[in-house]
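Below: the structure, in structure tokens.
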Amino acid sequence: MAIQLKLRARLRLDGGGPFATVAGIDVSYDEASRLMFAGVVVMSGNGRQVLETATSVVAARFPYIPGLLSFRETPAVIEAWTKLKTRPDCLICDGHGLAHPRRFGIACHLGLLLDLPSIGCAKSLLVGTHRMPRTRRGSVEPLLDRGEQIGAVVRTRHGVAPVYVSQGDRISLDAAVQTVLDTFGGYRLPEPTRRAHLLVNETRLLAKAGRSGVQ
DNA sequence: GCGACAG
DNA sequence: ATCTTGTCGC
């Protein structure tokens, strides 16, 4: 927690898009082998074409503790990121950024480590309260905590559960929300994130089949 | 002390 | 995160 408090002073909460390329990042986990599978999918800013992908397999060395997610997932992500040949203009994480008890979620941490504008896009709440956004796609409501706005609740698909968007580093909240909507590919999650999720699950299943001796 | 709690 | 089975709506 002390590390988070120290690093958050380095965050820059301004800057904007649009971005020519956006990277989606995700991590899956296999309990039996205690291995983490990280994946990065770099896509065009409109979420229409995949430009590059990279993966990594790393042994888990930190437990999952709410509020300390980055210490568990970041090593595997960095490993996969190193394999990229291109350098994305921005990255979207599967988890929160500023919408965190100490205002330093995994999106903030990765943004600083990778030196890039970063966005947190989570499927569920960690901290904060909010009103439900209207049912139509594009509706947004502020996410509040302790009297301050820490993010936005965004309806990415009509009638589907909203996602929680917050700033990581080097980006304004408006630009973060805009980027999430820009990379929409027809599903609840931004297309880069959704593809990264498919990629890491595929990698995990292949590794599992390999260990069990499937030909 | 009790309940909440990203992935 | 992962697992499991049925149900719901387009």
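Values below: all heavy atoms of this structure, side chains included; hydrogens, waters and symmetry mates excluded. A, B, ... follow the sequence lines: proteins, then strands. Residue 1 opens every chain.
Taking atom CG of A/Asp30 as the reference point, atom C1' of C/dC3 lies 12 Å away to the nearest angstrom. Atom CD1 in A/Ile65 sits about 16 Å away from atom P in B/dG7, given to the nearest Å. Protein atom CD of A/Glu73 is 8 Å distant from nucleotide atom C1' of C/dA1, rounded to whole Å. Taking atom CZ of residue A/Phe104 and atom C1' of nucleotide B/dA6, one finds them 15 Å apart after rounding to whole Å. Put simply, CZ on A/Arg61 is 21 Å from P on C/dA1, counting in whole angstrom units. A straight line from CD1 of A/Ile150 to C1' of B/dA6 spans 12 Å, rounded to a whole angstrom. Regarding A/Lys123, its NZ atom lies at a distance of 10 Å from the P atom of B/dA6, rounded to whole Å. As rounded to whole Å, 18 Å separates atom P of B/dG7 from atom CD of A/Glu31.
Between C/dA1, B/dC5, B/dG7, one nucleotide has an atom nearer to the side chain of A/Ser28 than all others, and that is C/dA1. Listed candidates were B/dC5, B/dG7, C/dT2. Nearest to the side chain of A/Pro66 is B/dC5.
Close to C/dT2, at under 4.0 Å from its OP1 or OP2, lies a side-chain N or O of A/Asn201. Here A/His197 does not reach the OP1 or OP2 of B/dG7: none of its side-chain N or O atoms lies under 4.0 Å away. OP1 or OP2 of B/dA6 has at least one side-chain nitrogen or oxygen of A/Tyr64 nearer than 4.0 Å.
Geometrically, A/Arg72 engages A/Tyr29 in a cation-pi contact, judged by NZ or CZ lying under 6.0 Å from the ring centre and within 45° of the ring axis.
The residue A/Leu125 sits close only to the backbone: its heavy atoms come under 4.0 Å of sugar-phosphate atoms, none of a base. Residue contacts shown for A/Ile25 are absent, as no nucleic acid heavy atom lies under 4.0 Å away. If you check every strand for non-hydrogen atoms under 4.0 Å, A/Gly120 touches nothing. If you check every strand for non-hydrogen atoms under 4.0 Å, A/Arg204 touches sugar and phosphate atoms only.
The aromatic rings of A/His109 and A/Phe71 sit perpendicular, their planes meeting at an angle over 60°, well past the 30° parallel limit.
In this structure a side-chain-to-backbone donor-acceptor pair under 3.5 Å is missing from A/Ser70 to A/Ile106.
A salt bridge links A/Arg103 to A/Glu148: at least one charged side-chain nitrogen sits closer than 4.0 Å to a carboxylate oxygen. A salt bridge is absent between A/Asp94 and A/Arg194: the closest approach of a Lys/Arg side-chain nitrogen to an acidic carboxylate oxygen does not fall below 4.0 angstrom. The residues A/Asp30 and A/Lys208 are annotated as salt-bridged, a charged nitrogen and a carboxylate oxygen being separated by less than 4.0 angstrom.
When all heavy atoms of A/Val22 and A/Gly45 are compared, the pair lying nearest together is CG2-CA, 4.2 Å.
Taking every heavy atom of residues 91-102 of chain A and every atom of DNA chain C, no pair lies under 4.0 Å.
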